[in-house]
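First up is the structure itself, then whatever we jot down about it.
Each residue takes its place number in the sequence, starting with 1. Not measured: the values here are computed from a predicted model.
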Amino acid sequence: MRRSLGRQLRQLRESAGKSLADAQAAHLGSVRNLQRIEAGQARPKHTFVRSACQVYGAGQATTDRLLAMTDQADTDTWWEAYGTVQHWFTLLLDLEGVADRIYLYSGSLVPGLLQTSAYAKAWFQMNPGYVTDKAYAEREVAVRARRQDVVFDRDVAVTAIIDESALQRIVGSKEIMAEQVAHLRELAARPGTQVHVLPLEAGAHAGGKGEFIVLEFDSDEEPDVAYVETYLSGQYSSKPKVMEELRWRYASLKAMTVPLEEYLGP
C-alpha cells in the first residue's frame, strides 16, 4: 500500500507539472525525502499528504482517498516475512497483486509466475547467492510460490509468451522439465490464462532486447506499468512512449506464436 500511495503521489505531482524542486520550494520537504516517499520507502504523514494534495491541485475526493491509503501504508506486506526479497523487486510483487492483466514475455526461461518449485530451484542454484548460502534457493523458491498464489488466487488475466528455446532447455533434469511442461498445460487450461510459444523457426522477432512484463489496471488511479529486469536491478516505467513500444513489441511477438497446446500436440 505504501508503494501504491507513493506512485499515486508522484503521478499527481507530475500531472500538476511540478518537479521535485518545485515541491521542495513549496515546503513539502527535501528532494531526498520526497523521493523516498514516492518510492514507497517512507510513510508520509497525514499533514504531508494533505499539503501535497493542495500544492498539486487535487480535488477533495482524491485527497480523501490518499489520506485513507495513508492509514494503511504501514500494513505489513507478505514478502516482509521472508526478509530476502530485493528492494527493487518488491514493487513488482505489489503490482502483480493488484493488476487486472499481466503480459509476460520470456526468451530464455519459463517466466517466474509459471515455474514449478523444482524448476525454480534448479535456476536459483545457479545464482551466486547459492554459492555462499545453501539455504538461498529454498528461500527464493518459497517466495516464488507465494508470489504465484497471490496472483492466481484471484481473478486476473495472464498472457505468457515463451520462446521455444526455454522449453527445449533441460533445466534440472528431464523429469523436472516434464513436470514443468505439464504445469504449463494446467495453467493454460485455467480461465483467463493464455500460454503461447514463439517457435525457433519464427526467426528474427521484436523481443530481441530481452524479457519484459506489462501490467495493466482497470482503475484510472493506477497507471499501467512496464517492468524489465537486469542482473543488477529491475526497472519500471509508465511513460506513454515506453508503454506504446512494449505493447507494439508484444503484439508483434504474439502474432508469431502458437498456443501451447498446438505446440505440444496431443
Answer yes or no: are there more than 12 heavy-atom neighbours, outside [X] itself, under 6.0 Å from its atom [atom1]?
| X | atom1 | result |
| --- | --- | --- |
| Trp88 | CH2 | yes |
| Asp155 | CG | no |
| Glu244 | CD | no |

Problem - Side chain Gln180, main chain Ala120, donor-acceptor under 3.5 Å - result: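 Flag not set: sc Gln180 to bb Ala120 has no pair under 3.5 Å.
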Exercise for the section: Using modelled atom types only, decide if a donor and an acceptor are shared between the side chain of Thr62 and the backbone of Ala58 within a distance under 3.5 Å. Expected result: no
Considering only NZ, NE, NH1 and NH2 on the basic side and carboxylate oxygens on the acidic side, decide whether [X] and [Y] come within less than 4.0 Å.
| X | Y | value |
| --- | --- | --- |
| Arg10 | Glu38 | no |
| Arg101 | Asp218 | yes |
| Glu140 | Arg144 | no |
| Glu216 | Arg247 | yes |
| Arg7 | Asp94 | yes |

Without hydrogens or angle criteria, can the side chains of [X] and [Y] be said to hold a donor-acceptor pair below 3.5 Å?
| X | Y | answer |
| --- | --- | --- |
| Tyr263 | Glu164 | yes |
| Gln54 | Tyr56 | no |
| Ser108 | Glu211 | yes |

Close side-chain approach of [X] to [Y], heavy-atom, < 4.5 Å:
| X | Y | result |
| --- | --- | --- |
| Leu95 | Phe217 | yes |
| Gln194 | His196 | yes |
| Tyr103 | Val158 | no |

Exercise for the section: Could you check whether the rings of Tyr227 and Phe89 sit parallel, tilted or perpendicular, using 30° and 60° as the cut-offs? Expected result: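 Perpendicular.
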Problem - Residues Glu14, Lys18; criterion salt bridge (charged side-chain N to carboxylate O under 4.0 Å, His left out); working and verdict - result: CA-CA 6 Å; Glu14 292 174 345; Lys18 303 285 188 182; over 6 Å; no
